[in-house]
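These notes are about the structure you will find just below.
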Amino acid sequence: MPELPEVEVVRRGLERWVRGRTVADVAVLHPRAIRRHLAGPEDFAAQLRGRRLGAARRRGKYLWLPLEAETPAETPAGTPLGTAPDRAVLAHLGMSGQLLVQPHDALDEKHLRIRVRFADATGTELRFVDQRTFGGLSLHDTVPGDPDGLPDVIAHIARDPLDPAFDEDAFHAALRRRRTTVKRALLDQSLISGVGNIYADEALWRARLHYDRPTATLTRPRSAELLTHIRDVMHAALAVGGTSFDSLYVNVNGESGYFDRSLDAYGREDEPCRRCGTAMRRRPWMNRSSYFCPRCQRPPRVS
DNA sequence: CTTCGATCCTGGTAGC
DNA sequence: TGCTACCAGGATCGAA
């Protein structure tokens, strides 16, 4: 399940293998993969054709590639050079999405949804493959003046904890203001982005916090500590290429990450806590699961 | 306004 | 073996 570290691995792959290339053609093989592009598949392809892709960016679990300005001959007279990009292609991997750079002659993947061919002789193409079709690609206007070309439809997504501009004071204030519980808050992408079920459980285990702890009871040092654990676990995952339980998450070259071997909480029901040896527990939670140590992570008194 | 549950989707697997 | 039921879960939407 791609969360921030996995998406960042993919971003780096796009930056290396796709940035600067000009789109020759786009084939949309499954309409659901393009559903966020309201104008439809034909419009998506037509708008991308002939455009050069800029620097790969990421916020939380979202990825995007700004479209570089049209060639100077087509640029209206008087347009200053170096202005912020005004369009960007946005990608979300959902639960099972993959962006793969493949040779043209590689066999189509079973769940190939979108193919992007380029106008160069590199011999590779970009493929969006997605079994469960929660992910997709789309084209959007960017937030005016944003130097990274942030797509307007994700302007409500909070900065992520690895973003140098992440506002720690605002995060803490929001936690105190909200009447919710800590894991819910971590998964709320408008408060902090990039954290999903896996890294939430990992960070809470490291911080010795129960998932149902009301955020209003967190002191400033406690929330700062939690944030540090979130960053630590994400950096550790990034260092080994992310978390792959199966073939559903891979980098652009189809390779898995190894962080699943380092997980302390997620998926460890009945296994001993790596700190105290107590059997880890799994609890149904919000249509998914929460893994925690019943001894290290005591439930709040009022629940 | 905030909070919260239902919903989308498909392949793998547990259980009978 | 073959069937059913359930599970994984990010983001969105509408209800309370």
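Just so you know, these numbers use all the heavy atoms, side chains as well, and skip hydrogens, waters and symmetry mates. Order of the sequence lines sets the chain letters (A, B, ...), proteins ahead of strands, with each chain counted from 1.
In this structure, the CG atom of A:D188 is 10 Å from the P atom of C:dA11, given to the nearest Å. In this entry the distance linking CG of A:L187 with P of C:dA8 reads 14 Å, nearest Å. The CG atom of A:L38 sits 12 Å away from the P atom of C:dT12 (whole-angstrom rounding). Atom CZ in A:R283 sits about 19 Å away from atom C1' in C:dA8, given to the nearest Å. A:M286 places its CE atom 7 Å from the P atom of B:dG5, with the value rounded to the nearest Å. A:R59 places its CZ atom 13 Å from the P atom of C:dA11, with the value rounded to the nearest Å. Atom CZ of A:R177 and atom P of B:dC1 are 14 Å apart (whole Å). Between A:I157 atom CD1 and C:dT12 atom C1' the separation is 11 Å, expressed in whole Å.
Ion pairing of A:R220 with A:D169 is present here, as a side-chain N (NZ or NE/NH1/NH2) and a carboxylate O approach within less than 4.0 Å. Ion pairing between a basic and an acidic side chain is recognised when a charged N comes within 4.0 Å of a carboxylate O; A:D108 and A:R115 show such pairing.
A close approach under 4.0 Å does not occur between any side-chain nitrogen or oxygen of A:R288 and OP1 or OP2 of C:dC7. Using a 4.0 Å cut-off, no side-chain N or O of A:R178 falls inside it from OP1 or OP2 of B:dC1. For the pair A:R36 and C:dA11, the criterion of a side-chain N or O lying under 4.0 Å from OP1 or OP2 is not met.
Counted by atom type alone, A:H111 and A:Q131 present zero donor-acceptor pairs between their side chains at under 3.5 Å.
Taking CG of A:L209 as the start and CZ of A:R222 as the end, the distance is 4.0 Å to the nearest 0.5 Å.
When heavy atoms are screened at a 4.0 angstrom cut-off, A:N287 is found touching base atoms of the nucleic acid. Using a 4.0 Å heavy-atom criterion, one finds that A:R282 contacts the sugar-phosphate atoms exclusively.
In this structure, A:R274 forms no cation-pi arrangement with A:W205, as its terminal cationic atom is not both closer than 6.0 Å to the ring centre and no more than 45° off the ring axis.
A donor-acceptor contact shorter than 3.5 Å is absent between the side chain of A:R281 and the backbone of A:P294. Panel note: side chain A:E15, backbone A:R11; no donor-acceptor pair is recorded below 3.5 Å.
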Which parts of nucleotides 9-14 of chain B does protein reach within less than 4.0 Å, heavy atoms only, written one letter per nucleotide 5' to 3' as B for base, S for sugar-phosphate only and - for none? BBS---
Only distances under 3.5 Å count here; give the side-chain donor-acceptor pairs of residues 133-141 of chain A to other protein atoms, sequence neighbours excluded, each with its distance to 0.1 Å.
residue : atom : partner : partner atom : Å
A:T133  : OG1  : A:R32   : NE           : 2.8
A:S138  : OG   : A:H140  : NE2          : 2.6
A:D141  : OD1  : A:R87   : NH1          : 2.8

For A:D201 and A:K183, what are the C-alpha separation, side-chain angles and deciding distance, and is it a salt bridge (charged side-chain N to carboxylate O under 4.0 Å, His left out)? CA-CA 8 Å; A:D201 279 3; A:K183 185 168 170 182; 2.7 Å; yes
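For the helix from B:dT2-C:dA16 to B:dC16-C:dG2, the end axes, each set by the C1' atoms of five terminal pairs, are bent relative to each other by 50° (nearest 10°).
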